[in-house]
Amino acid sequence: MDWKAIVKSVAPTLGAALGGPVAGTATKFLADHFLGDADAQEQDIAELVLNASPEKLMELRSLDNQFKLQMRKLDIDVYRLEVEDRKSARHMGIKGGLAAQMALSFMFIGGYFALTFALFSGEITLTPAIEKTGTLMLGVITGAIPMILQFWFGSSQGSKEKTQAMVKP
């Protein structure tokens, strides 16, 4: 499991901050308060979170409240920043038009399914020398499909609910 997903489930404000434009601030806060070492690296935090005891996870939850208060004092809404970050990414093509992004997405997805069909139908066969490389490349390409779909349709229902909640007075 991804350590950031664990943080997000235990400490939602810190988790949201780690995925947005204030990720550096959240990482430094975790390094300083969770590890007691302001110079700790992200992998040190990841290791501690992945191997955390229930007591450490409770400590992480209480740190979430401290972080939330600190962000409130600075007048920073972590959730709004997270939504705005994704919103700006989706709307980046408005000035220049969406045609290029849309065409690239269609070409990538169409090419992916054409390649997959060709491999499974026997039209293309991989020699033993390149079979591992071809399988690896297909896996990498397969991993990009959800990113393209998330770009166009949003990452989750929860994100849509947060956006709607922010729009309502």
Side-chain angles (χ1 to χ4, degrees), residues 1-92 105 108-109 112 115-116 119 126 128-167:
M1 181 176 226
D2 180 34
W3 73 274
K4 290 181 181 180
I6 294 171
V7 172
K8 195 165 192 163
S9 67
V10 174
T13 305
L14 277 164
L18 286 170
V22 290
T25 303
T27 303
K28 184 159 176 43
F29 181 88
L30 282 172
D32 192 28
H33 292 83
F34 199 51
L35 291 173
D37 180 9
D39 297 325
Q41 300 297 313
E42 188 173 304
Q43 61 263 22
D44 299 326
I45 300 168
E47 186 178 323
L48 183 63
V49 170
L50 290 171
N51 300 314
S53 65
E55 292 80 20
K56 262 311 204 192
L57 292 176
M58 287 300 291
E59 181 184 335
L60 182 60
R61 183 178 298 268
S62 71
L63 285 175
D64 190 58
N65 291 329
Q66 290 177 26
F67 184 74
K68 193 183 306 184
L69 288 172
Q70 228 177 30
M71 292 296 102
R72 210 174 274 154
K73 284 179 186 175
L74 295 171
D75 198 28
I76 296 173
D77 186 345
V78 173
Y79 295 106
R80 180 174 297 254
L81 286 175
E82 181 186 31
V83 169
E84 289 297 320
D85 187 44
R86 284 182 175 77
K87 185 175 165 185
S88 67
R90 287 189 193 110
H91 295 292
M92 74 179 178
S105 296
F108 188 93
I109 291 173
Y112 168 75
L115 176 64
T116 304
L119 282 170
L126 298 175
I130 64 166
E131 187 173 0
K132 287 182 181 179
T133 304
T135 304
L136 176 68
M137 289 175 61
L138 184 62
V140 169
I141 293 169
T142 300
I145 297 292
M147 288 188 283
I148 292 170
L149 296 175
Q150 287 173 359
F151 175 81
W152 290 108
F153 301 111
S155 60
S156 68
Q157 184 62 32
S159 178
K160 290 177 187 174
E161 290 170 0
K162 276 193 275 183
T163 303
Q164 290 173 350
M166 287 178 19
V167 172

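These numbers come from the heavy atoms of this one structure, side chains and all, not from hydrogens, waters or symmetry mates. No experiment lies behind these values; they were computed from the predicted model shown.
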Participant: Pair up each side-chain donor or acceptor in residues 68-76 with any protein partner under 3.5 Å, not counting sequence neighbours, and list the distances.
Facilitator:
none

Participant: If you measure from CD on Q41 to OG1 on T27, what distance do you get to the nearest 0.5 Å?
Facilitator: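 Result: 10.0 Å between the selected atoms.
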Participant: Quick check: do D44 and L48 have side-chain heavy atoms less than 4.5 Å from each other?
Facilitator: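 Not touching, per the 4.5 Å side-chain cut-off.
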Participant: For T133, check side-chain hydrogen bond (donor to acceptor under 3.5 Å, both in side chains) against everything at least two apart and list the hits.
Facilitator: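 Partners of T133 by the side-chain hydrogen bond (donor to acceptor under 3.5 Å, both in side chains) criterion come out as none, since no residue qualifies.
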Participant: For E47, is there any backbone N or O sitting under 3.5 Å from a side-chain donor or acceptor partner on N51?
Facilitator: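 Yes, the answer is positive, given that a donor and an acceptor are paired below the 3.5 Å cut-off.
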Participant: State which residues pass salt bridge (Lys or Arg N to Asp or Glu O under 4.0 Å) with E59; sequence neighbours excluded, sorted by chain then number.
Facilitator: K56
Participant: Hey, which of V7, T13, V10 is the one that makes side-chain contact (heavy atoms from CB on, under 4.5 Å) with D64?
Facilitator: T13
Participant: What pair of heavy atoms forms the shortest contact from A11 to L60, and how long is it?
Facilitator: CB-O, 3.8 Å
Participant: Between I45 and A31, what is the shortest heavy-atom contact and its length?
Facilitator: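 Heavy atoms only, the tightest pair is CD1-N, 3.8 Å.
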Participant: Determine whether L14 and F34 satisfy the following criterion, side chain to side chain contact (heavy atoms under 4.5 Å, CB included), listing intermediate values before the conclusion.
Facilitator: CA-CA 12 Å; L14 277 164; F34 199 51; over 6 Å; no
Participant: Taking only residues two or more places apart in sequence or in another chain, which ones pass ring-ring contact (aromatic ring centres under 6.0 Å, His included) with F29?
Facilitator: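 If we apply the ring-ring contact (aromatic ring centres under 6.0 Å, His included) test to F29, skipping adjacent residues, the hits are H33, F67.
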Participant: Throw together a table of side-chain donor-acceptor distances under 3.5 angstrom for residues 136-145, partners on residues two or more places apart or in other chains.
Facilitator:
| residue | atom | partner | partner atom | Å |
| --- | --- | --- | --- | --- |
| T142 | OG1 | Y112 | OH | 3.0 |
| T142 | OG1 | L138 | O | 2.7 |

Participant: Should we count CD of Q66 as having more than 12 external heavy atoms under 6.0 Å?
Facilitator: yes
Participant: To check you understand the geometry: which heavy-atom pair defines the closest contact between L57 and A52, and what is its length?
Facilitator: CD2-CB, 3.8 Å
Participant: Sequence neighbours left out, what passes salt bridge (Lys or Arg N to Asp or Glu O under 4.0 Å) with E42? Give chain and number order.
Facilitator: K4
Participant: Could you state the interatomic distance from CE (M147) to CG (L149), rounded to the nearest 0.5 Å?
Facilitator: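 Reported value, rounded in 0.5 Å steps: 10.5 Å.
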Participant: In Å, rounded to the nearest 0.5 Å, how long is the span from NZ of K132 to CD1 of I130?
Facilitator: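 The NZ atom of K132 sits 13.5 Å away from the CD1 atom of I130.
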Participant: Which atoms form the tightest heavy-atom contact between L50 and D2, and what is the distance?
Facilitator: CD2-C, 4.5 Å
